Colleague: 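Got a structure here, written out as structure tokens. Questions coming.
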Amino acid sequence: MALRGSLLRFFRTQLNNACLNQNRAHSVAILGAPFSKGQKRRGVEHGPKAIRDAGLVDRLSNLDYSVHDFGDLSFPRLDKDEHFMQVPFPRTVGRANQLLSTAVNSAVGAGHTCVMLGGDHSLAIGSVEGHSQQCPDLCLIWVDAHADINTPLTSPSGNLHGQSVAFLLKELQDKMPKVPGFSWMKPFLSSSDLVYIGLRDVDPGEHYILKDLGIQYFTMRDIDRMGIQRVMEVTLDHLLARKQRPIHLSFDIDSFDPSLAPATGTPVNGGLTYREGIYIAEEIHNTGLLSVMDLVEVNPVLGASSEAVEATAGLAVDVIASSLGQSREGANMAFQETPSPKQDTEQLRL
Ligand SMILES: NC(=[NH2+])NCCC[C@H](N)C(=O)O
Ligand SMILES: [Mn+2]
Ligand SMILES: [Mn+2]
């Protein structure tokens, strides 16, 4: 019995080590997912380019990562893809997510911390699913103005980017109709493995589900009341107190206030400040457990000016860099000691 227990523990640690960043702390994979069929506004498929143009790769290289930019995935166009109930493009969205899942699965398997650039938020289905193939005990932090937990039966819009979480949760399995295009996956996440931060536009059916499943969430009002420091403390405690496990961060740029992130499809007033957003990212980095992150819903076509687009994409880069260790305290990688003028002149004389 004792031997069996310790063997089990050993294998569990082995499995965890593949996922708990030890070996991959210094290697980041970037995956572009130029995809927009989870919602109806065009332009969000240009998100990956806008974020790269804002200097993502340079910023991560400055952090001393080896950065592997795997470029953009290419998603097939399916000619025949009729609505399912109110849901447009179900097969196209299902297939794109299946491809993304495979890509995330192999990037994590190869030892990278993975950054997925969207694209709309329906892509989190494939991203979290692929991550879970490598790290079945992952937990999910969803930073968003929206809960994205509608089912096809509760959704007011039909859009799949407002339903991603419903596809992931085991507890909603018997509330979900069989959506064509999604037979490759089944739900795997428990509602206790998920925390929301930043909510302020929750549909009635979503609110019912959040309450019914007892999901931990922090609205903007909660952030006003408790402060972002306490919100992060409770979030990380909720997810990690029992055991350390890999984190999937799914970050929707519309969690920020529209004054900071105007170029997005479903902006909602009263969002995160710059400092709150960066603090969330820093705290997640400080756990040492970030394994995959999504940065979604940057839509360069919806910016009123090039400045608006650059501000939104630049903010996305700041969030990604902070999640991967850029620190407001500064870092001293280049210095072993404070350079002294005496040594300098000696060197000059030589
Ligand atoms: N990922 C997003 N921006 N989602 C917005 C969802 C909006 C709304 N709740 C819906 O279901 O359509
Ligand atoms: Mn979202
Ligand atoms: Mn959103």
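Since the model is a prediction, treat every value here as computed from it, not as a measurement. All values below were derived from every heavy atom in this structure, side-chain atoms included, with hydrogens, water molecules and symmetry-related copies excluded.
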Colleague: Give every residue pair that meets the salt bridge (Lys or Arg N to Asp or Glu O under 4.0 Å) criterion with at least one member in residues 181-195, sequence neighbours excluded.
Modeller: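 Residue pairs with at least one partner in residues 181-195: Asp193-Arg245.
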Colleague: Look only at the side chain of Asp69 and the backbone of Gly71, and say whether a donor-acceptor pair between them is shorter than 3.5 Å.
Modeller: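 Looks like yes, one N/O pair under 3.5 Å.
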Colleague: How would you list, by chain and number, every residue that makes a side-chain hydrogen bond (donor to acceptor under 3.5 Å, both in side chains) with Asp252, sequence neighbours excluded?
Modeller: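 Testing Asp252 for side-chain hydrogen bond (donor to acceptor under 3.5 Å, both in side chains), a comparison that skips the adjacent residues, returns His121.
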Colleague: Before you tell me yes or no, could you show the steps for His112 and Ser27 under side-chain hydrogen bond (donor to acceptor under 3.5 Å, both in side chains), namely the whole-Å CA-CA distance, both residues' side-chain angles and the distance that decides it to 0.1 Å?
Modeller: CA-CA 5 Å; His112 302 294; Ser27 142; 2.4 Å; yes
Colleague: Say whether His248 and Ser291, considering side chains only, have a donor N or O and an acceptor N or O under 3.5 Å apart.
Modeller: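 Ser291 and His248 do not have a side-chain donor-acceptor pair below 3.5 Å.
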Colleague: Can you sort out the partners of Gln98 under side-chain contact (heavy atoms from CB on, under 4.5 Å), two or more places apart, ordered by chain and number?
Modeller: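 Gln98 satisfies side-chain contact (heavy atoms from CB on, under 4.5 Å) with Arg95, Trp184 once adjacent residues are dropped.
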Colleague: Quick one: side-chain hydrogen bond (donor to acceptor under 3.5 Å, both in side chains) partners of Tyr217, sequence neighbours excluded?
Modeller: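 So Tyr217 forms a side-chain hydrogen bond (donor to acceptor under 3.5 Å, both in side chains) with Lys211.
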Colleague: Centre-to-centre under 6.0 Å for Phe218 and Tyr196, is that the case here?
Modeller: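 Aromatic pair excluded; centres sit 6.0 Å or further apart.
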Colleague: Regarding Asp81 and Lys37, does a basic nitrogen lie under 4.0 Å from an acidic carboxylate oxygen?
Modeller: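 Result for this pair is no, no salt bridge flagged.
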Colleague: Would you give the length of the straight line joining atom NE2 of His26 to atom CG of Leu63, rounded to the nearest 0.5 angstrom?
Modeller: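 Output value for this atom pair is 10.0 Å.
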Colleague: Taking it one step at a time, do Leu73 and Leu99 satisfy side-chain contact (heavy atoms from CB on, under 4.5 Å)?
Modeller: CA-CA 8 Å; Leu73 292 161; Leu99 293 168; 5.6 Å; no
Colleague: Checking side-chain polar atoms at under 3.5 Å, does Ser101 have a donor or acceptor matched by the opposite partner on Glu129?
Modeller: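 Present: a donor and an acceptor within the cut-off.
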Colleague: List the atom pairs, with distances to 0.1 Å, where a side-chain N or O of residues 234-242 and a protein N or O form a donor-acceptor pair under 3.5 Å, not counting sequence neighbours.
Modeller:
from   : atom 1 : to     : atom 2 : distance (Å)
Thr235 : OG1    : Val231 : O      : 2.8
His238 : NE2    : Ser192 : O      : 3.2

Colleague: For Ala308, give me all partners under side-chain contact (heavy atoms from CB on, under 4.5 Å), at least two apart in sequence or on another chain.
Modeller: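 Counting only residues at least two positions away or on another chain, Ala308 forms a side-chain contact (heavy atoms from CB on, under 4.5 Å) with Pro262, Ser305.
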Colleague: Any side-chain to backbone donor/acceptor pair from Arg41 onto Leu302? Under 3.5 Å, distance only.
Modeller: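 Pair absent, no side-chain N/O of Arg41 close to backbone of Leu302.
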Colleague: Could you check whether Asn150 and Asp203, counting side-chain N and O atoms only, form a donor-acceptor pair closer than 3.5 Å?
Modeller: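 The criterion, which ignores hydrogens and geometry beyond distance, is satisfied for Asn150 and Asp203.
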Colleague: Rounded to the nearest 0.5 Å, what separation is found between the CG atom of Leu60 and the CD atom of Gln326?
Modeller: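 Rounded to the nearest 0.5 Å, the CG-CD separation comes to 9.0 Å.
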Colleague: For residues 104-121, which residue pairs pass the salt bridge (Lys or Arg N to Asp or Glu O under 4.0 Å) check, not counting sequence neighbours?
Modeller: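 Passing the test, one end in residues 104-121: no pairs.
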Colleague: Are Thr264 and Asp254 linked by a side-chain donor-acceptor pair shorter than 3.5 Å?
Modeller: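 Their side chains do not contain a donor-acceptor pair, so the 3.5 Å distance test is not met.
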Colleague: Can you tell me if His68 and Ser66 form a side-chain donor-acceptor pair at under 3.5 Å?
Modeller: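 Distance-only check passes for His68 and Ser66.
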Colleague: side-chain hydrogen bond (donor to acceptor under 3.5 Å, both in side chains) with Asp72: which residues, sequence neighbours excluded?
Modeller: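 Scan of Asp72 (side-chain hydrogen bond (donor to acceptor under 3.5 Å, both in side chains), adjacent residues dropped) gives Arg52.
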Colleague: Quick one: does any side-chain atom of Ser132 pair with a main-chain N or O of Cys135 as donor and acceptor, under 3.5 Å?
Modeller: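 Not confirmed, Ser132 side chain does not pair with Cys135 backbone.
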Colleague: Residues two or more places apart in sequence or in another chain: which of them pass side-chain hydrogen bond (donor to acceptor under 3.5 Å, both in side chains) with Arg221?
Modeller: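 With sequence neighbours excluded, Arg221 shows a side-chain hydrogen bond (donor to acceptor under 3.5 Å, both in side chains) to no residue whatsoever.
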Colleague: Using a cut-off of 6.0 Å, state whether more than 12 heavy atoms not belonging to Asp79 lie near its atom CG.
Modeller: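 Counting other residues, nucleotides and ligands, CG of Asp79 stays at 12 neighbours or fewer.
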Colleague: Please confirm whether the backbone N or O of Ser157 pairs with a side-chain atom of Lys40, one donor and one acceptor, at under 3.5 Å?
Modeller: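 Present.
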Colleague: Is there a donor-acceptor pair closer than 3.5 Å between any side-chain N or O of Arg200 and the backbone N or O of Met220?
Modeller: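 Flag not set: sc Arg200 to bb Met220 has no pair under 3.5 Å.
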Colleague: Mind checking side-chain contact (heavy atoms from CB on, under 4.5 Å) for Leu315 and listing every partner two or more places apart, or none if nothing turns up?
Modeller: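 side-chain contact (heavy atoms from CB on, under 4.5 Å) check on Leu315 returns Ile253, Phe256, Leu260, Ala261, Tyr274.
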Colleague: Dump the intermediate steps for side-chain contact (heavy atoms from CB on, under 4.5 Å) on Phe35 and Thr92, then the final yes or no.
Modeller: CA-CA 10 Å; Phe35 184 77; Thr92 308; 4.0 Å; yes
Colleague: Which residues satisfy the salt bridge (Lys or Arg N to Asp or Glu O under 4.0 Å) test with Glu329, sequence neighbours excluded?
Modeller: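 Checked Glu329 against salt bridge (Lys or Arg N to Asp or Glu O under 4.0 Å); zero matches.
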Colleague: Could you tell me which residues satisfy salt bridge (Lys or Arg N to Asp or Glu O under 4.0 Å) with Arg328, sequence neighbours excluded, listed by chain and number?
Modeller: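 Here the qualifying residues are Glu282.
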